[in-house]
*Asks:* 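Below you will find the structure I want to go over with you.
Within every chain, numbering begins at 1; the chains are lettered A, B, ... in the order of the sequence lines, protein sequences first and strands thereafter.
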Protein chains: 2
Amino acid sequence: MQNRRRALLDKAEFLFAEHGFEGTSIRDLAKEAGMNLAMISYYFGSKEKLFEALVEDRSSSLLEKVKAPNESTSDPVQRLAALVPSLVDRWLANPRFYRILYREASLNSRPELQRIIADTLLRQVNEFRKILQDGVEQGRFREVDIDLTMVTFYGTITQLLSASPQMHQRMLGRRWGDDVSEMAHWRNRLVDHLLQVMQAHLLTRA
Amino acid sequence: MQNRRRALLDKAEFLFAEHGFEGTSIRDLAKEAGMNLAMISYYFGSKEKLFEALVEDRSSSLLEKVKAPNESTSDPVQRLAALVPSLVDRWLANPRFYRILYREASLNSRPELQRIIADTLLRQVNEFRKILQDGVEQGRFREVDIDLTMVTFYGTITQLLSASPQMHQRMLGRRWGDDVSEMAHWRNRLVDHLLQVMQAHLLTRA
DNA sequence: TTTAATTAATCAAACGTATGATTAATTATT
DNA sequence: AATAATTAATCATACGTTTGATTAATTAAA
């Protein structure tokens with residue numbers, strides 16, 4: 001019954017997001033999943049390999065949906081306008097996964113995991129950087145600080161996805177839940193906001 | 001010899017920043033500081049209380065320097081232009097401390113620590129929100145999404161401070177070291193960038 | 001088509017190690 | 001001499017991992 005493997009991955013994603021990788025014991029995980037402790041080693045070999053399997057699973061399932069970035073136009077403004085909602089959808093489809101990645105990426109331990117995480121995150125980052133560079137080269141964008149513009153862009157989503165429930169409550173007022181209508185709400189606000197900020201920042205004034 | 005207490009705080013800050021709170025054992029800490037394990041309990045009572053002492057120490061030393069935000073003008077544009085460099089200086093004076101806070105703030109464990117962290121972070125956040133609200137009310141700023149504008153602003157610094165060395169290397173090219181000239185470099189870039197982004201976003205177009 | 005052999009899945013228990021914390025004894029300082 | 005600071009030793013608990021046994025399911029041999 002191979003869907004118990006999947007159940008372990010899902011529970012692990014939840015617990016890692018809430019309590020971190022170090023903060024989640026495989027005993028907690030097994031108990032939450034209603035399974036025996038040994039199943040983790042049986043399916044994955046070790047706790048760390050379970051993490052790697054999680055990254056593998058989530059990022060491959062994401063790649064399926066996303067396909068190649070739309071290259072149908074070379075206009076950086078349009079490419080940006082197309083990329084933003086696509087990225088937002090990617091994030092909001094797996095908020096817990098990205099919360100885990102961003103947090104573990106801020107650590108300086110377990111170098112093998114670090115490499116995997118960095119690879120996964122940087123794949124996205126480079127799509128965005130390409131657009132910025134092209135736009136600046138073509139004179140369609142102002143000569144902004146490209147690195148920090150990327151930091152601002154990805155920082156926005158990191159901040160939003162990473163905040164704990166109580167931080168959300170106290171910082172944003174609005175709850176950040178799992179339910180679909182909440183997500184739709186945030187999706188639209190986020191897309192609008194990111195596009196506004198980026199366009200105001202990048203486009204030369206009339 | 002009370003500066004051994006301080007030495008413990010400093011080493012703890014370093015190790016927590018690198019490996020996280022959970023990922024740092026009090027044995028590692030004692031060994032790094034060249035002290036006996038029991039000194040942690042002697043000075044602080046427990047590992048968790050040591051963390052609280054660290055927050056207490058760093059945030060009080062920060063409050064000294066910052067004083068009340070400059071209220072000499074009511075012009076939101078000027079207040080913003082004054083707040084940004086002041087915040088950037090605050091962050092860059094204690095990059096490791098904020099790296100710790102942001103990471104632990106993304107967890108949903110140890111509620112008591114969570115409260116302390118949220119309190120510490122939100123104090124700054126509210127300075128900024130006040131300016132945004134006033135600016136929008138007075139019509140000096142566009143009617144932006146205030147919550148997400150704050151997310152973008154704080155997300156920028158979170159992202160920059162939180163990235164591990166190898167993430168910095170691979171994302172920004174430039175190293176993010178401790179040395180002073182590096183810090184001066186980033187300080188100026190950050191201030192310029194944040195002001196540019198925020199002003200482009202907030203100020204109504206001619 | 002029954003029976004034997006093999007593989008996959010699951011479990012309870014135990015392993016050795018690491019953890020945070022405490023104790024009691026010792027040394028240094030005042 | 002009394003207090004403060006430091007140490008080594010110890011404690012109970014929690015951790016990730018491994019083991020050996022058991023059951024269920026699948027395949028091969030008769």
*Asks:* Between Arg115(A) and Asp119(A), is the closest basic N to carboxylate O distance under 4.0 Å?
*Replies:*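 The answer is yes: the pair qualifies as a salt bridge.
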*Asks:* Can you measure Lys47(B) atom NZ to dA18(C) atom P for me and round it to whole angstrom units?
*Replies:*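 In whole Å, dA18(C) P and Lys47(B) NZ are 15 Å from each other.
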*Asks:* Does a salt bridge link Arg110(A) with Glu22(A), judged by any charged N lying under 4.0 Å from a carboxylate O?
*Replies:*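 Yes, Arg110(A) and Glu22(A) are salt-bridged.
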*Asks:* From the list dT18(D), dT22(C), dT17(D), which nucleotide is the closest neighbour of the side chain of Ser41(A)?
*Replies:*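 The closest nucleotide is dT18(D).
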*Asks:* In whole angstrom, what separates Arg6(A)'s CZ from dA9(C)'s P?
*Replies:* 15 Å
*Asks:* By nearest atom, which of the nucleotides dT18(D), dT10(C), dA8(D) is closest to the Asn36(B) side chain?
*Replies:* dA8(D)
*Asks:* Compute whether any side-chain donor of one residue and acceptor of the other, for Ser106(B) and Arg103(A), lie under 3.5 angstrom apart.
*Replies:* yes
*Asks:* From the options dT7(D), dA9(C), dA14(C), select the nucleotide whose nearest atom is closest to the side chain of Leu37(A).
*Replies:* dA14(C)
*Asks:* Roughly, in whole Å, what's the span from CE in Met35(B) to C1' in dA8(D)?
*Replies:*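 Met35(B) atom CE is separated from dA8(D) atom C1' by 17 Å.
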*Asks:* Figure out the NE2/P separation between His19(B) and dA18(C), and round it to whole Å.
*Replies:* 16 Å
*Asks:* Return all side-chain donor-acceptor pairs below 3.5 angstrom for residues 190-199 of chain B, not counting sequence neighbours, or 'none' if the list is empty.
*Replies:*
residue	atom	partner	partner atom	Å
His193(B)	NE2	Leu148(A)	O	3.1
His193(B)	NE2	Thr152(A)	OG1	2.7
Gln196(B)	OE1	Arg142(A)	NH2	3.2

*Asks:* Over how many whole Å does the gap from Glu48(A) atom CD to dT17(D) atom P extend?
*Replies:*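 Distance check: Glu48(A) CD to dT17(D) P gives 8 Å.
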*Asks:* Is Glu13(B) close to Asn94(B) at the side-chain level, that is, under 4.5 Å between some pair of heavy atoms?
*Replies:* yes
*Asks:* Among the candidates dT6(D), dT23(C), dC11(C), find the nucleotide nearest to the side-chain atoms of Ala38(B).
*Replies:* dT23(C)
*Asks:* What is the separation between atom CZ on Arg5(B) and atom C1' on dA5(D), rounded to the nearest whole Å?
*Replies:* 15 Å
*Asks:* In residues 21-31 of chain A, which ones come under 4.0 Å of DNA chain D, going by heavy atoms?
*Replies:* Thr24(A), Ser25(A), Ile26(A), Arg27(A)
*Asks:* Specify the separation, in whole Å, of atom CE of Met39(A) and atom P of dT19(D).
*Replies:*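 These atoms are roughly 17 Å apart.
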*Asks:* So, do Leu80(B) and Phe128(B) sit near enough that their side-chain heavy atoms are less than 4.5 Å apart?
*Replies:* yes
*Asks:* Quick check for you: among dC11(C), dT22(C), dT6(D), whose closest atom lies nearest to any side-chain atom of Arg4(B)?
*Replies:*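 My answer, after comparing the listed nucleotides, is dT6(D).
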*Asks:* What integer distance in Å separates Tyr42(A):OH from dA9(C):C1'?
*Replies:* 5 Å
*Asks:* Check every atom of dA21(C), dT6(D), dT18(D) against the side chain of Tyr43(B) and return the nucleotide holding the closest atom.
*Replies:* dT6(D)
*Asks:* Return a table of donor-acceptor pairs under 3.5 angstrom between the side chains of residues 28-40 of chain A and protein atoms on other chains or two or more places apart.
*Replies:*
residue	atom	partner	partner atom	Å
Asp28(A)	OD1	Ser25(A)	OG	3.4
Asp28(A)	OD2	Ser25(A)	OG	3.3
Asn36(A)	OD1	Ala38(A)	N	2.8

